[in-house]
Amino acid sequence: MHPALLRLFCRGCLSRAQSLPPGSLSSWPRPMSRWNSQENYSPLPAQNPPRVLITGGLGQLGVGLAQILRKQYGSENVILSDIKKPPPHILSTGPFVYADVLDYKHLRELIVNYRVTWLIHYSALLSAVGEANVALARKINITGLHNVLDLALENCLRIFVPSTIGAFGPSSPRDPAPDLCVQRPRTIYGVSKVHGELMGEYLHHKYGLDFRCLRYPGVISVNTAPGGGTTDYAVQIFHDALSTGHHECYLRPDTRLPMMHISDCHRATVEFMQAPECQMSLRTYNIAAMSFTPEELAQEIRKHLPHLKVTYNPDSVRQNIADSWPVRFDDTNARRDWGWTPAFQLEELVSDMLRSIRDKRTNEGLPVS
């Protein structure tokens, strides 16, 4: 097939909005706009780089993803946003704007003024924090989601919304969890993520929205402090190993969960956003790299730091959450459809994390155990 015809086939014949009332998803009584299915959705030509807006950009994932995208598409084409004040080094690397996902009008202005074509929606309250403040989690994780979906429809954006292992529940297959199965999560975080998956897929099938979603495992990184997730022990243990030599774990030693190095997480996201639509049999995919328990992680760290002591003091809230999640992901479809494959396994992850945290502590003048 001629490359030009292949590109047209991959884009598909997607509907373009004629008019969409502001907040039509976030305010249910408002009627959805009518869409003209005869008019094609036309993304920017291939030679034009995307204009990317990242919400919740100062969390664990946004800054690193912005760095990768800016290298590929230029600093001015990737706009980082959050409701927090960024440190100076963030301001010096590219555009940063204040953006509250609950403020529909301001989000709309940003999308128009910055000519956004891709929206990466990282704003969310994570599992343990969400259980402590369900009302706020409902607002940010569901109302905020409706706002960005609404704006993606109105402006014909390609939108990425991450999902999570938390989108599964105790009645889901756990070893492994496939892409399509029963999902009955028991946290507001998980419920909101299932809602996001289903809303995005509904809007794709009904209106042609270019919605893309990856279910992330626990993500392990150096540069951002743990942010209230159930898998955060797998970050904190490295800092403790190099500072005090002792880590108190809030999960049982045999609690197995799927995990991923942040570099693999970023790469999967970029590759998925760049994948032609014709390669995608699903709109929501699992991605996997490794699966381990706290004790297995501690044993691997002790190969480098034999003095590490780990004690276990299970927290009932986080332990119950972890016990309801899969122990492994089946990511066969992602590997088949768009070529996903991880680079880091447990040995490589531990070596990289210890080296990176040791260098960071040394540069900051902190002692290293």
Side-chain angles (χ1 to χ4, degrees), residues 50-70 73 77-87 90 93-103 106-107 110-111 114 116-130 136-137 139-152 157-167 188-190 192-197 199-200 211-221 223-229 231-232 235 260 262-273 284-285 287:
R51 299 273 295 175
V52 186
L53 175 64
I54 303 175
T55 67
L58 296 183
Q60 183 186 21
L61 301 174
V63 173
L65 184 67
Q67 290 174 346
I68 295 169
L69 292 172
R70 283 168 175 167
Y73 299 126
N77 287 319
V78 181
I79 302 97
L80 206 58
S81 74
D82 211 305
I83 60 172
K84 299 179 289 186
K85 182 180 179 180
I90 299 297
T93 57
F96 178 89
V97 295
Y98 174 90
D100 181 350
V101 295
L102 299 178
D103 188 342
H106 185 232
L107 279 178
L110 290 174
I111 288 169
Y114 283 92
V116 170
T117 57
W118 287 9
L119 199 162
I120 296 175
H121 181 54
Y122 276 153
S123 293
L125 252 62
L126 301 183
S127 55
V129 172
L136 181 61
K139 286 177 64 177
I140 295 174
N141 295 7
I142 297 180
T143 304
L145 170 78
H146 292 171
N147 284 340
V148 297
L149 288 175
D150 222 9
L151 288 162
L157 308 182
R158 177 172 297 181
I159 181 169
F160 175 82
V161 179
S163 190
T164 166
I165 50 175
I188 186 61
Y189 178 60
S192 69
K193 288 302 184 181
V194 173
H195 177 79
E197 293 176 13
M199 280 301 305
F211 170 83
R212 302 180 182 215
C213 177
L214 294 177
R215 293 194 189 108
Y216 290 157
V219 178
I220 302 175
S221 64
N223 293 322
T224 307
T231 59
D232 282 352
V235 176
M260 177 175 285
I262 193 169
S263 296
D264 278 340
C265 181
H266 287 328
R267 183 169 55 81
T269 304
V270 173
E271 290 176 0
F272 185 49
M273 285 296 284
T284 299
Y285 288 88
I287 51 170

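Being a predicted model, the structure only gives us computed values, none of them experimental. In this chain, numbering begins with 1 at the start of the sequence shown.
- Residues Ile165 and Thr231 have side chains in contact (heavy-atom distance under 4.5 Å, counting atoms from C-beta outward).
- Rounding to the nearest 0.5 angstrom, the gap separating the CZ atom in Phe96 from the CG atom in Asp82 is 5.5 Å.
- Rounding to the nearest 0.5 Å gives a distance of 7.5 Å between OG of Ser221 and NE2 of His266.
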### Intermediate values then yes/no, side-chain contact (heavy atoms from CB on, under 4.5 Å), Arg215 and Thr164
CA-CA 4 Å; Arg215 293 194 189 108; Thr164 166; over 6 Å; no
### Worked verdict on Val52 versus Leu65 for side-chain contact (heavy atoms from CB on, under 4.5 Å)
CA-CA 11 Å; Val52 186; Leu65 184 67; over 6 Å; no
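- Taking CD from Gln67 and CG from Leu80, the interatomic distance works out to 9.5 Å, rounded to the nearest 0.5 Å.
- Take Arg70 and apply the salt bridge (Lys or Arg N to Asp or Glu O under 4.0 Å) test, not counting sequence neighbours, and it matches no residue.
- Proximity of Pro217 to Ile287: side-chain heavy atoms (C-beta onward) are separated by under 4.5 Å at one or more points.
- At least one side-chain heavy atom of Tyr216 sits under 4.5 Å from a side-chain heavy atom of Leu61.
- Side-chain contact of Thr284 with Glu197: a donor-acceptor pair under 3.5 Å is absent, judged by distance alone.
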### Task
Could you please spell out the steps behind the side-chain contact (heavy atoms from CB on, under 4.5 Å) verdict for Leu102 and Lys139?
CA-CA 8 Å; Leu102 299 178; Lys139 286 177 64 177; 3.8 Å; yes
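- Between Val63 and Leu58 the shortest side-chain heavy-atom distance falls below 4.5 Å.
- Using the six-membered ring where Trp is involved, Tyr98 and His106 have ring planes that are tilted, between 30° and 60° apart.
- A side-chain contact (heavy atoms from CB on, under 4.5 Å) with Leu145 holds for exactly one of Asp150, Val101, Val161; it is Val161.
- Between Phe272 and Tyr285, the two ring planes are perpendicular [angle over 60°; tilted spans 30° to 60°].
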### Query
Is there a side-chain contact (heavy atoms from CB on, under 4.5 Å) between Tyr114 and Leu53 once you walk through the steps?
CA-CA 9 Å; Tyr114 283 92; Leu53 175 64; over 6 Å; no
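- For Ala99, the side chain to side chain contact (heavy atoms under 4.5 Å, CB included) test picks out Ser81, Leu107, Leu110, with sequence neighbours left out.
- Taking every heavy atom of both residues into account, Pro162 and Cys213 meet most closely at C-SG, 4.2 Å.
- At most 12 non-hydrogen atoms from other residues, nucleotides or ligands lie less than 6.0 angstrom from CD1 of Ile83.
- Qualifying side chain to side chain contact (heavy atoms under 4.5 Å, CB included) partners for Asn141, counting only residues two or more places apart in sequence or in other chains: Ala124, Leu125, Ala137, Tyr189, Ser192.
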